[in-house]
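Computed from heavy atoms alone, side chains included, the values below leave out hydrogens, waters and symmetry copies. Every value quoted in this text rests on a predicted model; they were computed, and no experiment measured them. Along the sequence shown, residues carry numbers from 1.
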Amino acid sequence: MSERLLPRAERRRRTEGRILDAARTLFADVGFERTTIRAVARAAEVDPALVMQYFGSKQELFRQAVRVAPVPDTGLDADKLVEQLIGTLSMKIGELPQSSLAMMRSMLTHPEAAASARELLGRQIDRLADSIPGEDARLRAALMTMVMLGVTVGHQLLELDELRDVPQEEIARVLRPSLRALTGPTVS
C-alpha cells in the first residue's frame with residue numbers, strides 16, 4: 001500500500017518511528033552533544049521543523065529515543081537470579097539496541113542521559129535486591145548491576161580485546177562465582 005493511501009495517524013506513526021530510529025543511530029554513534037536535529041532529520045528524510053513539531057526539543061527526542069522497556073519484576077532464588085544475569089550476556093556483548101548504545105555513550109556527558117541511566121539501573125537494582133537476602137541486599141544488587149554494566153561498556157564501547165576475543169561461555173564461567181557470592185545471605 002502506498003504511503004499516501006495510509007490513514008493519517010498511521011503515516012504520522014511511521015514518520016515518528018523513522019525519526020526515532022535515525023535519532024537512536026546518531027545518538028549511539030556520536031553521542032548527545034554531536035547529534036543535531038538537522039542530522040536526525042536528514043537521516044529520517046524529513047524536514048527539521050517536523051522533528052521539532054513531533055518532539056519539541058533535542059532533549060525530548062533523546063529521552064524518547066533511549067527509552068527502554070522496564071525491567072520485569074520477578075522473585076527468583078539466588079541460582080536462577082545469577083543464571084538470568086548470565087543469560088543477558090548474549091545481549092550485552094552481542095548486538096545492543098541502538099537505544100542502549102545511545103544511552104551508554106551519552107550517560108557520562110549529558111544530564112538527561114545520566115538521569116535515564118540512573119532510573120533504568122535503579123529499577124534493575126530494586127528487582128535484584130528483592131531476590132537477595134540480607135540487610136545489604138541493595139548494595140550487593142548495585143554491585144551486581146555495575147559488574148554487568150562494566151562488562152557491557154568494556155565490550156561495546158571500549159572494545160577491550162580481553163573481552164571481545166573471549167567466547168561468551170568463558171565470560172559466563174568466570175562471572176558466575178562472583179555473582180553467586182553477591183547473592184548469598186552473608187558476604188565475607
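Residues satisfying the salt bridge (charged side-chain N to carboxylate O under 4.0 Å, His left out) test with E119, not counting sequence neighbours, are R123. Not counting sequence neighbours, the partners of A22 by the side-chain contact (heavy atoms from CB on, under 4.5 Å) test are V40, A43, A44. In this structure R13 satisfies the salt bridge (charged side-chain N to carboxylate O under 4.0 Å, His left out) test together with E10, sequence neighbours excluded. With sequence neighbours excluded, the residues forming a side-chain contact (heavy atoms from CB on, under 4.5 Å) with E170 are V166, P167, R173, V174, listed by chain and number. Residues passing the salt bridge (charged side-chain N to carboxylate O under 4.0 Å, His left out) test with R118, sequence neighbours excluded: none. In this structure D29 satisfies the salt bridge (charged side-chain N to carboxylate O under 4.0 Å, His left out) test with no other residue, sequence neighbours excluded. Every side-chain contact (heavy atoms from CB on, under 4.5 Å) that A172 has, sequence neighbours left out, goes to I86, L89, R176. In terms of the side-chain contact (heavy atoms from CB on, under 4.5 Å) criterion, residue partners of T145 (sequence neighbours excluded) are, by chain and number, L121, Q124, I125, L128.
Judged as a salt bridge (Lys or Arg N to Asp or Glu O under 4.0 Å), not a single pair has a partner in residues 34-47 (not counting sequence neighbours). Applying the salt bridge (Lys or Arg N to Asp or Glu O under 4.0 Å) rule to pairs touching residues 146-159 yields nothing, sequence neighbours excluded. Residue pairs that meet the ring pair (Phe, Tyr, Trp, His ring centres under 6.0 Å) test with at least one member in residues 114-133, sequence neighbours left out, do not exist here. Sorted by first and then second residue, the pairs that involve residues 52-61 and meet side-chain hydrogen bond (donor to acceptor under 3.5 Å, both in side chains), not counting sequence neighbours, are E60-R63, E60-Q64.
Contact check for M107 versus L149: side-chain heavy atoms found under the 4.5 Å cut-off. Taking the side chain as every heavy atom from C-beta outward, T15 and R18 approach each other to under 4.5 Å. Looking at L61 and M52, their side chains never come closer than 4.5 Å, going by heavy atoms from C-beta outward. Side-chain contact between L20 and R24 is present, with at least one heavy-atom pair separated by less than 4.5 Å. Side chains of V153 and M104 form a contact here, defined as non-hydrogen atoms less than 4.5 Å apart. Considering only heavy atoms from C-beta on, R127 comes within 4.5 Å of L81 through its side chain. Put simply, the side chain of F32 does not reach to within 4.5 Å of the side chain of T109, judged on heavy atoms.
One finds the CG atom of L175 at 10.5 Å from the CD atom of Q168 (value rounded to the nearest 0.5 Å). The CZ atom of F62 lies 4.5 Å from the OG atom of S106; values are rounded to the nearest 0.5 Å. Atom CG in L157 sits 9.0 Å away from atom OG1 in T152 (nearest 0.5 Å). For the atom pair NE2 of H155 and CZ of R164, the computed distance is 4.5 Å after rounding to the nearest 0.5 Å. Atoms CG and CE, from L179 and M144 in turn, are 5.0 Å apart once rounded to the nearest 0.5 Å.
One hydrophobic cluster holds both M146 and I132 under the rule that ILVMFWY side chains link at heavy-atom gaps under 4.5 Å. Placement of M148 and L163 within a single hydrophobic cluster is found when ILVMFWY residues are connected by side-chain heavy-atom separations under 4.5 Å, directly or transitively.
Heavy-atom minimum distance, A129 versus A137: O-CB, 3.8 Å. Closest heavy-atom contact between P133 and S131: CD-O, 3.9 Å.
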